[in-house]
Amino acid sequence: MTGNDERYPANFISSIIEADQQAGKHEGKVKTRFPPEPNGFLHIGHAKAICLNFGLARDFSGTTNLRFDDTNPIKEDVAFMNAMKEDIAWLGFVWAEEKNASDYFEQLFDYALQLIADGKAYVDSLSSDEIRTYRGTLTEPGRNSPYRDRSPAENLDLFQRMRAGEFPEGAHVLRLKIDMASGNMNLRDPSIYRIRHVRHHQTGDAWCIYPLYDYTHCISDAIEQITHSLCDTGFEDHRPLYDWVLAQIDSPGEPQQIEFSRLNLQYTVTSKRKLKQLVDESLVAGWDDPRMPTIAGMRRRGYPPAAIRDFCRRIGISKSGNNVELALLESCVREALEPSAPRAMAVMDPVKLVITNFAEDEVMSLSVANHPKDADMGQRSVFLTREIYIDRADFKMEANRKYKRLVLHDEVRLRGAYVVKAESVSTDDAGNIVEIQGTYDPETLGVNPPDRKVRGVIHWVSASKSSPAEFRRFQPLFSVANPDAEEGDYRSLINPQSQQCFMGYVETGVLEQEASVQFQFEREGYFVRDPEQNPDGIYRFNETVGLRDSWSKSNASS
RNA sequence: UGGGGUGUCGCCAAGUUGGUAAGGCACAAGGUUUUGAUCCUUGCAUUCGGGGGUUCGAGUCCCUCCACCCCAGCCA
């Protein structure tokens, strides 16, 4: 599961790097960076960027820095930094250096001074509204600010005083002097410093002016000697600005920005604003709610980090718009879990089955394999008693031969145990089945009856020798494939059935295992114990992903 | 004629210098199976957004048209 297996398949970025190495660019070195803004939790979209940056660096014997893009203290918090570090480490990546854009505030300021001295930046005193007006529109050129021709000396004085805290927020802004008529809006004298009298989580009260992204990012990359600066296609038309800035200063490096398309996963939203809103408005239980596409959520849900890495590799890297199906992610999760998850039985919607020819107080211990294909995973004891539970969905009063479960007056195999026959049922006043009575065939342990064919195999659990448990099963948080494309409030698209709780029973041995063990509850799916117990102190299991189910699928379509 | 992008199978996505369409997921059909799971086998684009052109030959070159996405934060 490591090494070459995880190498990135060929993509246009690896081609660029390969060509660069062959050409001897950067002396053949490769250095990338993952630059999140610490204003929320990392999600599956970030995972794609993380795997790409760290994966490509690894593939080409390079390194990757973690750099918090903390230029906007109003939105950011150290708590998010810590959560992000935990998530990246959990995903299995090790960064060469941990940096903050704020580490470079002093250097960034010096470069700005030089830009001003060179007549390439000026202090604008227009209000933000006026700046917007002067900027023009997509089809009409902008106009020069009346402050555009201030002398370098005046600009220098004003900028120093901005830093000194002499002006209120919004009074001035430092702008690059490029081209107000450019078809590229980013080149119409972009602002690079604004006044914010707020405390910064890293620099405290040292600054009251903060640099903006376009100015900060390229220089930070250059300072860190980043060779390939990967970002999403939303920044494509920022590249001329990225290059412009580095061309004007005495740049300590020559990073190349390369854009790739961000991930769009069906049935989920990955906008930071929306994820934050889901959390803030308690539409989900938190950033790590198992239904959230956050790394923390997927971890709690039981997704193995290797599965997420595999997914990021399989979706590939390109610049085209995409709309990845959930089935691919789930397939990766199943593939990672199938060989390693010990099997066990759990009944989530129990109905009692009384085996009338089984002794009242007998407890029969049966040895069952923990994995059907891996004997090294050993055996466990499962206890059979006169009263057991089976799933309501596994019994019918009558059914055709395609139904491979228990039917009244017919037989079915109890997994790892005997063949049982349903003889009668008891119902309540409303006609609901409250108990099934049946008999078992003592000749069928480990062998099939020679004269007849049993319908199939169902899972079960002893009524007295099992433990109560809560099971949380999940469906996509949103009920439509592309919640972002829908009109109206995306919150109205939340699937009310996205989380369903069941009270049932599980083999007691399961509770004796460490909480981190991921089980496959046979015929149901992969589950992992939640860090929290339910209000009654009962263990809760989260469904990581269900088993592939070709039966209900073909049934639903016919 | 604002600027920048993207269009290869239902969903992703490979396709060096033009040489006659990888792979994965999904799906379908068989086989194995005390999980309707797993596993195995097989099938699944005469066609690369459309139309022209160059060429012995084009997804790859040229022209043209069409569709969709991003940009007017003192957010990143």
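Quick note: numbers below take in every heavy atom, side chains included, and nothing from hydrogens, waters or symmetry partners. Within every chain, numbering begins at 1; the chains are lettered A, B, ... in the order of the sequence lines, protein sequences first and strands thereafter.
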* Asked: Between the side-chain atoms of A:D237 and the base atoms of B:G3, is any donor-acceptor pair under 3.5 Å?
  -> yes
* Asked: Considering only heavy atoms and no angle criterion, is a donor-acceptor pair shorter than 3.5 Å present between the side chain of A:E524 and the base of B:U35?
  -> no
Which nucleotide in the set [options] lies at the smallest distance from any side-chain heavy atom of [X]?
{"X": "A:L138", "options": "B:C70, B:A72, B:A14", "result": "B:A72"}
{"X": "A:M185", "options": "B:U34, B:G2, B:C12", "result": "B:G2"}
{"X": "A:N184", "options": "B:C25, B:A14, B:G3", "result": "B:G3"}
{"X": "A:P372", "options": "B:A76, B:A72, B:U35", "result": "B:U35"}

Looking at [X], I'd like to know whether one of its side-chain N or O atoms comes within less than 4.0 Å of OP1 or OP2 on [N].
{"X": "A:R523", "N": "B:G36", "result": "yes"}
{"X": "A:T71", "N": "B:A76", "result": "yes"}
{"X": "A:R194", "N": "B:A76", "result": "yes"}
{"X": "A:R188", "N": "B:C71", "result": "no"}
{"X": "A:S550", "N": "B:A37", "result": "yes"}
{"X": "A:T137", "N": "B:A72", "result": "no"}
{"X": "A:R196", "N": "B:C75", "result": "yes"}
{"X": "A:R135", "N": "B:G73", "result": "yes"}

* Would you mind calling B:G43 syn or anti? Take O4'-C1'-N9-C4 for purines or O4'-C1'-N1-C2 for pyrimidines, and syn is within 90° of 0. => anti
* To do: For A:N184 and A:D237, indicate whether the former's side chain and the latter's backbone hold a donor-acceptor pair under 3.5 Å.
  => yes
* Do A:D549 and A:S552 meet the criterion of a side-chain donor-acceptor pair at a distance under 3.5 Å? -> yes
Does [X] reach a base, just sugar-phosphate, or nothing at all? Heavy atoms under 4.0 Å.
{"X": "A:S191", "result": "sugar-phosphate"}
{"X": "A:H217", "result": "nothing"}
{"X": "A:G446", "result": "base"}
{"X": "A:Y193", "result": "nothing"}
{"X": "A:K404", "result": "base"}
{"X": "A:I317", "result": "sugar-phosphate"}
{"X": "A:S320", "result": "sugar-phosphate"}
{"X": "A:G456", "result": "nothing"}
{"X": "A:S331", "result": "sugar-phosphate"}
{"X": "A:E330", "result": "nothing"}
{"X": "A:I131", "result": "base"}

* Asked: Can A:Y213 be called stacked on B:A76 when the rule is centres closer than 5.5 Å and an angle between planes below 30°?
  -> no
* Any side-chain heavy-atom pair from A:S102 and A:F68 closer than 4.5 angstrom? -> no
* Asked: Can a cation-pi geometry be assigned to A:R175 and A:Y122, taking NZ or CZ under 6.0 Å from the six-membered ring centre and within 45° of the ring axis?
  -> no
* Asked: So is A:R415 actually on top of A:W460's ring, under 6.0 Å and inside 45° of the axis?
  -> no
* To do: Check step by step if ring-ring contact (aromatic ring centres under 6.0 Å, His included) holds for A:Y193 and A:Y215.
  => CA-CA 8 Å; A:Y193 268 95; A:Y215 177 70; 5.7 Å; yes
* Asked: Taking the same atom, C1', in B:U54 and in B:A26, what whole-Å distance lies between them?
  -> 40 Å
